S.K.: 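Just passing along the structure, written as structure tokens.
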Amino acid sequence: MVDLDKIISLCKRRGFIFQGSDQYGGLQGTWDYGPLGVELKNNVKKAWWRRVVYERDDMEGLDCAILMNRLVLKYSGHEETFSDPMVDCRKCKKRFRADQVDHNEKCAEGDKHDLTEPRPFNLMFKTTVGPVAEENNIAYLRPETAQGIFINFKNVLDSTNRKLPFGIAQIGKSYRNEITPRNFIFRVREFEQMEIEFFVKPGTDDEWHSKWVEDRFNWYVELGIKPENLRKYEQKPEELAHYAKATVDLLYRFFPEREDENKQFDEVEGIANRTDFDLTCHTKGGKLVLADGREIPNAHAVNKLTYFDHETNQHILPYVVEPSAGVDRATLAFLMDSYFEETVNDGQRIVLRLHPELAPIKVAVLPLKKNHDGIRNTAMQIKNTLMKKSGWRTVYDDTAGIGKLYRRQDEIGTPFCVTVDFDTLEDQSVTVRDRDTMAQERVKIDALQDYLAKKLGNCR
Ligand code: GAP
């Protein structure tokens with residue numbers, strides 16, 4: 001299986017992902033998605049949204065502001081507790097996450113690091129809103145999209161007349177000042193999340209939690225992740241957040257080079273049963289209960305975040321099941337799982353066997369000879385027609401010989417190449433080449449769209 005280094009190299013070479021602020025030496029923990037990366041990432045998000053919003057009858061979507069009132073993060077508990085344990089080396093002054101530091105690592109000042117005791121480091125990015133930078137104007141960049149969903153529970157409920165169970169989905173950027181961002185887009189300071197808060201009646205939460213674990217696992221597999229590279233990990237009682245009744249993490253084999261197989265896997269998504277913790281924190285008159293038992297009464301919220309249950313004639317606080325995925329980690333998993341190096345007749349090829357729904361480009365139209373007007377114009381026409389009528393991202397490329405053009409499209413995961421040659425001008429047919437099998441088939445131009453539609457399914 002491919003390791004991260006090869007993926008990083010492919011991503012840079014082909015324009016998927018670049019180091020953030022590269023032109024000025026970079027900014028650690030940030031990455032920029034290039035021409036193909038933005039398409040791939042958008043397709044991951046579209047596939048998720050379609051699955052969890054459009055294809056269900058019990059979901060609504062939402063898109064909240066990234067800048068959040070400080071009180072949201074105060075009553076959610078983030079101000080008090082959203083921290084990682086940090087240690088410093090007294091000799092070289094480097095900082096590490098206490099739970100990730102390699103105690104055998106050599107210190108730049110000689111011998112081993114001389115580490116301080118761990119102390120909490122809050123991961124939220126703080127800023128001020130408005131022209132005056134003072135304490136009263138402090139706001140945070142959200143560290144997760146989830147809080148925006150909780151505080152909009154009543155708005156969505158009242159405007160949609162939803163009945164329990166129902167969920168709210170959101171995709172968007174989140175920010176965490178990670179102490180040691182690393183492993184490419186795996187752990188970064190600016191990333192995207194795809195989160196669902198699924199509100200249910202207490203008592204039905206266990207069943208819904210199990211259903212979501214299955215559905216989320218299947219989503220990855222249906223989009224091409226090999227089941228042997230994806231694991232469900234049920235957190236042990238001592239690992240659970242104090243408010244969580246159960247959490248199952250979906251772990252992907254991000255680090256195949258590690259000797260210990262268990263260490264090859266890390267989290268791409270977590271599915272938690274958070275009970276009524278969050279709505280209790282944010283509801284008018286509610287309270288935040290911290291892990292150490294301290295209670296912080298909510299003195300600021302303006303609405304009750306309750307639901308009127310017509311069966312019992314009571315106002316209740318729904319329980320919440322939360323499937324929370326990282327867009328960047330999911331994108332990385334899809335890249336890694338689809339990467340193959342193969343020996344073929346005319347040498348070596350790298351191929352990304354991406355699911356067509358995720359492929360950045362669906363069809364490439366290639367002229368066999370670029371300085372032949374008839375061939376070039378026909379190819380351009382086919383490209384424009386396919387793009388307009390089908391909505392598939394279709395490109396035209398004449399910048400190399402046909403063999404090289406095929407290799408280039410293989411390497412970026414384009415499922416089909418359409419080649420226009422001299423015969424096309426006579427028989428109105430083109431050669432369609434399949435990325436995975438490399439088989440070629442002659443297809444009439446006027447049957448091309450239907451032919452490709454059958455193969456590409458309902459992807460856009
Ligand atoms: N609302 C729950 C929540 O945010 P989380 O486990 O902290 O839970 C959910 O984050 C997902 O977000 C993770 O499974 C991971 O895919 C992604 N994620 C979290 N921190 C990240 C980081 N620093 N870089 C990239 N992705 C991250």
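Bear in mind the structure is a predicted one, so any value in this text is a computation, not a measurement. Counting starts at 1 for both ligands and their atoms, following the listed order.
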S.K.: N/O of Phe186 under 3.5 Å from N/O of ligand 1, yes or no?
M.R.: yes
S.K.: Could you identify the single nearest non-hydrogen protein atom to atom 17 (C) of ligand 1 and state the distance to 0.1 Å?
M.R.: Gly326 CA, 3.7 Å
S.K.: Give me the nearest non-hydrogen protein atom to atom 18 (N) of ligand 1 as residue plus atom name, then the distance to 0.1 Å.
M.R.: Phe191 CE1, 3.5 Å
S.K.: Measure the distance from atom 7 (O) of ligand 1 to every protein heavy atom, then report the residue, atom name and distance (to 0.1 Å) of the closest one.
M.R.: Arg176 NH1, 2.8 Å
S.K.: Do ligand 1 and Val268 have nitrogen or oxygen atoms that lie under 3.5 Å from each other?
M.R.: yes
S.K.: Around atom CD of Glu117, are there more than 12 heavy atoms from other residues, nucleotides or ligands closer than 6.0 Å?
M.R.: no
S.K.: Could you see which bit of Ser324 sits under 4.0 Å from ligand 1, with heavy atoms only: side chain, backbone, both or neither?
M.R.: both
S.K.: Only heavy atoms of Glu267, strictly under 4.0 Å: list the atoms of ligand 1 that pass.
M.R.: 6 (O), 13 (C), 14 (O)
S.K.: Flag this pair as yes if the NZ/CZ of Lys211 is under 6.0 angstrom from the six-membered ring centre of Trp208 and inside a 45 degree cone about the axis; otherwise no.
M.R.: yes
S.K.: Considering only NZ, NE, NH1 and NH2 on the basic side and carboxylate oxygens on the acidic side, decide whether Asp410 and Arg435 come within less than 4.0 Å.
M.R.: no
S.K.: Return the residue, atom name and 0.1 Å-rounded distance of the protein heavy atom closest to atom 10 (O) of ligand 1.
M.R.: Gln193 NE2, 3.3 Å
S.K.: How far is atom 15 (C) of ligand 1 from the closest protein heavy atom, and which atom is that?
M.R.: Arg329 NH1, 3.6 Å
S.K.: Can you find a side-chain donor-acceptor pair between Thr128 and Glu134 that sits under 3.5 Å?
M.R.: no
S.K.: Please find out if less than 6.0 Å separates the ring center of Tyr75 from that of His282.
M.R.: no
S.K.: Atoms of ligand 1 less than 4.0 Å from Glu178 heavy atoms?
M.R.: 22 (C), 23 (N)
S.K.: Verify whether one side chain among Tyr140 and Glu79 offers a donor that lies under 3.5 Å from an acceptor in the other.
M.R.: yes
S.K.: State, without any angle test, whether Asn218 and Asp215 hold a side-chain donor-acceptor pair at a distance under 3.5 Å.
M.R.: no
S.K.: What atoms of ligand 1 come closer than 4.0 angstrom to any heavy atom of Glu144?
M.R.: 1 (N), 2 (C), 3 (C), 4 (O)
S.K.: Ring of Phe186, cation from Arg329 - is the NZ or CZ under 6.0 Å from the centre and inside 45° of the axis?
M.R.: yes
S.K.: Taking heavy atoms and a distance under 4.0 Å, where does Glu195 meet ligand 1: side chain, backbone, both or neither?
M.R.: side chain
S.K.: Without placing hydrogens or testing angles, list every side-chain donor-acceptor pair under 3.5 Å for residues 8-21, not counting sequence neighbours.
M.R.:
from	atom 1	to	atom 2	distance (Å)
Ser9	OG	Arg13	NH1	3.0
Arg13	NE	Glu411	OE2	3.3
Arg13	NH2	Glu411	OE2	2.3
Arg14	NE	Glu411	OE1	2.8
Arg14	NH2	Glu411	OE1	2.8
Gln19	NE2	Leu27	O	3.2
Gln19	NE2	Thr30	O	3.0

S.K.: Please work out which of Asn183, Val188, Asp249 has its closest non-hydrogen atom nearest to atom 24 (N) of ligand 1.
M.R.: Val188
S.K.: Any donor-acceptor pair under 3.5 Å linking the side-chain atoms of Thr247 with those of Arg274?
M.R.: no
S.K.: Which of the atoms in ligand 1, numbered in the order shown and given with their element, are less than 4.0 Å from a heavy-atom of Glu322?
M.R.: 1 (N), 2 (C)
S.K.: With heavy-atom distances below 4.0 Å as the criterion, list the atoms of ligand 1 near Arg187.
M.R.: 23 (N), 24 (N)
S.K.: Compute the shortest N/O to N/O distance between Arg274 and ligand 1 and return yes if it is under 3.5 Å, no if not.
M.R.: no
S.K.: Can you confirm whether Lys94 sits close enough to Glu105 that some side-chain heavy atom of one is under 4.5 Å from a side-chain heavy atom of the other?
M.R.: yes
S.K.: Quick one: which ligand 1 atoms are inside 4.0 Å of a heavy atom on Ala146?
M.R.: 1 (N)
